[in-house]
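Values below: every heavy atom of this structure, side chains too, minus hydrogens, waters and symmetry copies.
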Amino acid sequence: MQIHDFYSKLTSATEESRLFQALRSLSQVDNPKSITEDPDVVTTEWAAWPSLQANTANLAA
């Protein structure tokens, strides 16, 4: 997708893709960092993703 296509979809009121709706909403947030700074949520580390080998083993079974 060209940048012009992306921008026209982002600013279009008729584009109903959930992705573009979410991006429009996020672009209206004054402080995007505040979204992740919830004092009630405690995170110590990123969640661990299963390895690619584990996923392929599950698919083969």
Worksheet entry | D5: partners by side chain to side chain contact (heavy atoms under 4.5 Å, CB included), with sequence neighbours left out |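 D5 satisfies side chain to side chain contact (heavy atoms under 4.5 Å, CB included) with M1, Q2 once adjacent residues are dropped.
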
Worksheet item: How would you list, by chain and number, every residue that makes a side chain to side chain contact (heavy atoms under 4.5 Å, CB included) with S17, sequence neighbours excluded?
Response: E15, L19, F20

Worksheet entry | Residue pair E16 / Q21: nearest heavy atoms and the distance that separates them | O-NE2, 3.3 Å

Item to complete: Mind checking side chain to side chain donor-acceptor pair (under 3.5 Å) for S27 and listing every partner two or more places apart, or none if nothing turns up?
Response: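 If we apply the side chain to side chain donor-acceptor pair (under 3.5 Å) test to S27, skipping adjacent residues, there are no hits.
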
Worksheet item: Does S12 have any side chain to side chain donor-acceptor pair (under 3.5 Å) partners at least two apart in sequence or in another chain, and if so, which?
Response: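 For S12, the residues satisfying side chain to side chain donor-acceptor pair (under 3.5 Å) (neighbours in sequence not counted) are T14.
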
Worksheet item: Do side-chain atoms of R24 reach the backbone of T11 as a donor and acceptor pair under 3.5 angstrom?
Response: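 No; judged by distance alone, with no hydrogens or angles, the pair does not exist.
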
